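These notes are about the structure you will find just below.
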Amino acid sequence: MYDLFVIGAGSGGVRAARLAASQGFSVGIAESSRVGGTCVVRGCVPKKLMVYAAEFSQYFNDSKGYGWDIKDVHFDWHKMVEARNNEVDRLEAAYKKNLKNSGVTIYESFAKFKRLNEVELDNNKVIKAKNILIATGGKPKKPEFQGVQLTKSSDDIFMMKNLPEKIAIYGAGYIACEFASIFKGLGSDVTLIYRGEDLLRGFDNDISSLVRQGLEEKGINVLLNTIIEGVRECSDGLSVALSDKRQLFANEVVCATGRKPNIENLGLEKLGVNLEKDAVLVDDYQRTNISNVYAIGDVTDRLNLTPVAIRDGIAFVDTVFNNKPTVPDHHLVPKAVFTKPEVGTVGLSEIEAEKKGTVFTVYKTEFKPMKNQLSGNLQKTLMKMIVEKESDKILGVHIVGDGAAEMIQIVAVAVKMGATKSDFDATCAVHPTAAEELVTLN
Ligand code: NDP
């Protein structure tokens, strides 16, 4: 009998398995797809590699203002895909090696609950474990409309054989906005279709509007307050019927309309595991209603980000194996959206601060970064800080522009430590940078 059996070898599951095993506990892990999960195989990593690939087109354009004359620029989709897939293979192999080196036994199989303390694999083998961790992550969900089966999900993007000449992307969350930027950068004609008023709902309104402006300036066709009513095949591609009665032609249509917890066929009902809106319901210590069954990461649908799942895994091991009950800290988690322009954010948006009834001051600057003066690139940078009036404490920082993700990681350390606006003011600027604006806001 294992001390721990983990279902799902994504970021959270792998971290929990390795940590427990490296402390001498016997651990098994099952994965029905590829080790590494969404982040490594069909999410953050291959997506970021595509972000890098797409960035070059802007560099080539910007370089002209600096005296470069680059001719015959050509992008080879197949070369990029091959290189990207090789990197994913390398990482998957490293994940497997690290698991094995920590003493974890890997089962390349689907695993489902058979009864308490038992899971069953594809080959009907039954494995017993004292503790079972559900770390099965999430999967894309699509809306319902006629012809939806003709559309692709974000997972399918990584299997596309060719760069689509025209692509329509439905939704305006992280995935939709990031892939709109990526495909535009790689040379596709991109239409982003969204049912709401502005992109990236839930982010600070200034972020949403500057990202939308940035995407539009780069030539992305953004259709707001628009619904896809149906998709049908036509010669050479797909015809998309929109709620404003227009028809749009695209070679590919991608639904990036959210993700849902991956709970299908796990046998959770049979075991009596409580769910809430299809997410595994856990208490503060990530325990389900069944005493030796825990869940972490996206399958719990709390804060669906890789670093959060990893920290959930660490908290789980501390709680169950280190006699140190730990509630994972989901407060002040910094976030990035790898659009062009890029987004980095931590803490409260202006609207959230208002809703809380906090009395606050907004410090904001929007400027054309030095790099764009010569290049003619119209992209502006935004830096915005929400500061509690009484305490001077920084409640939120929002950045749009080059390097936003890298900047927010460091800013988040200060915000997490309880930094005040005066602390930022007291810090000398690094000149000439865009980031220096963060310490000279007034
Ligand atoms: P999001 O929840 O971010 O966005 C979903 C989008 O689809 C929203 O614009 C939403 O509209 C729209 N939508 C949802 N349902 C429908 C529907 N029935 N019809 C039409 N539109 C619909 O999900 P994503 O799929 O973009 O990403 C999933 C999660 O993955 C994110 O929440 C994030 O946690 C994680 N992620 C993180 C990344 C990062 O850290 N950079 C990158 C990619 C993903 P509305 O706003 O109106 O609800």
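Atoms within each ligand, like the ligands themselves, are counted from 1 in listed order. Owing to the predicted nature of the structure, the values given are computational and were not obtained by experimental measurement.
Residue contacts with ligand 1, taken as heavy atom pairs separated by less than 4.0 Å, do not involve S154 at all. Residue I227 does not touch ligand 1, judged by heavy-atom distances below 4.0 Å. At a 4.0 Å heavy-atom cut-off, ligand 1 touches E178 through the side chain alone.
Contact between G196 and ligand 1 is absent, with no heavy atom of the residue lying under 4.0 Å from the ligand. In this structure, R259 has a heavy atom closer than 4.0 Å to ligand 1. Residue K47 places a heavy atom under 4.0 Å from ligand 1.
Among V343, V308, I175, the residue whose heavy atom sits closest to atom 24 (P) of ligand 1 is I175. For atom 1 (P) of ligand 1, the choice among G173, C44, S153, G43 with the nearest heavy atom turns out to be G173.
Looking at atom 17 (C) of ligand 1, its nearest protein heavy atom turns out to be R195 NH1, 3.3 Å. In this structure, the protein non-hydrogen atom closest to atom 34 (O) of ligand 1 is N304 O, 2.7 Å. Shortest contact from atom 18 (N) of ligand 1 to any protein heavy atom: P143 CB, 3.5 Å. In terms of protein heavy atoms, atom 9 (O) of ligand 1 is closest to A172 N, 2.8 Å. Closest to atom 7 (O) of ligand 1, if we only count protein heavy atoms, is T257 CA, 3.1 Å. The protein heavy-atom contact nearest to atom 38 (C) of ligand 1 is Y174 CD2, 3.2 Å. The protein atom (non-hydrogen) at minimum distance from atom 48 (O) of ligand 1 is R201 NH2, 2.7 Å. Remark: minimum distance from atom 2 (O) of ligand 1 to any protein heavy atom is reached at G258 CA, 4.3 Å.
Two rings, from Y107 and F5, have their centers less than 6.0 Å apart.
Heavy-atom contacts of L305 reach the following atoms of ligand 1: 34 (O), 37 (C), 40 (O) (cutoff under 4.0 Å). Residue Y194 approaches ligand 1 through these ligand atoms, each under 4.0 Å from one of its heavy atoms: 9 (O), 11 (O), 45 (P), 46 (O), 47 (O). Listed by atom number, the atoms of ligand 1 under 4.0 Å from A336 heavy atoms are 39 (C), 40 (O), 41 (N).
Under the side chain to side chain contact (heavy atoms under 4.5 Å, CB included) criterion, K393 pairs with E388, S391, sequence neighbours left out. With sequence neighbours excluded, the residues forming a side chain to side chain contact (heavy atoms under 4.5 Å, CB included) with N205 are I351, listed by chain and number.
In summary, of the residues considered (K48, K184, K340, K47), a salt bridge (charged side-chain N to carboxylate O under 4.0 Å, His left out) with E178 occurs for K47 alone.
Checked by atom type, the side-chain pair T151/K142 shows a donor-acceptor distance below 3.5 Å.
A donor-acceptor contact shorter than 3.5 Å links the side chain of E436 to the backbone of T433. Side-chain atoms of T136 come within 3.5 Å of backbone atoms of N262 as a donor-acceptor pair (strictly under, hydrogens ignored).
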For a side chain to side chain donor-acceptor pair (under 3.5 Å) check, start with the C-alpha distance between S33 and R42, then their side-chain angles and the critical distance, and finish with the verdict. CA-CA 11 Å; S33 174; R42 60 193 87 83; 2.8 Å; yes
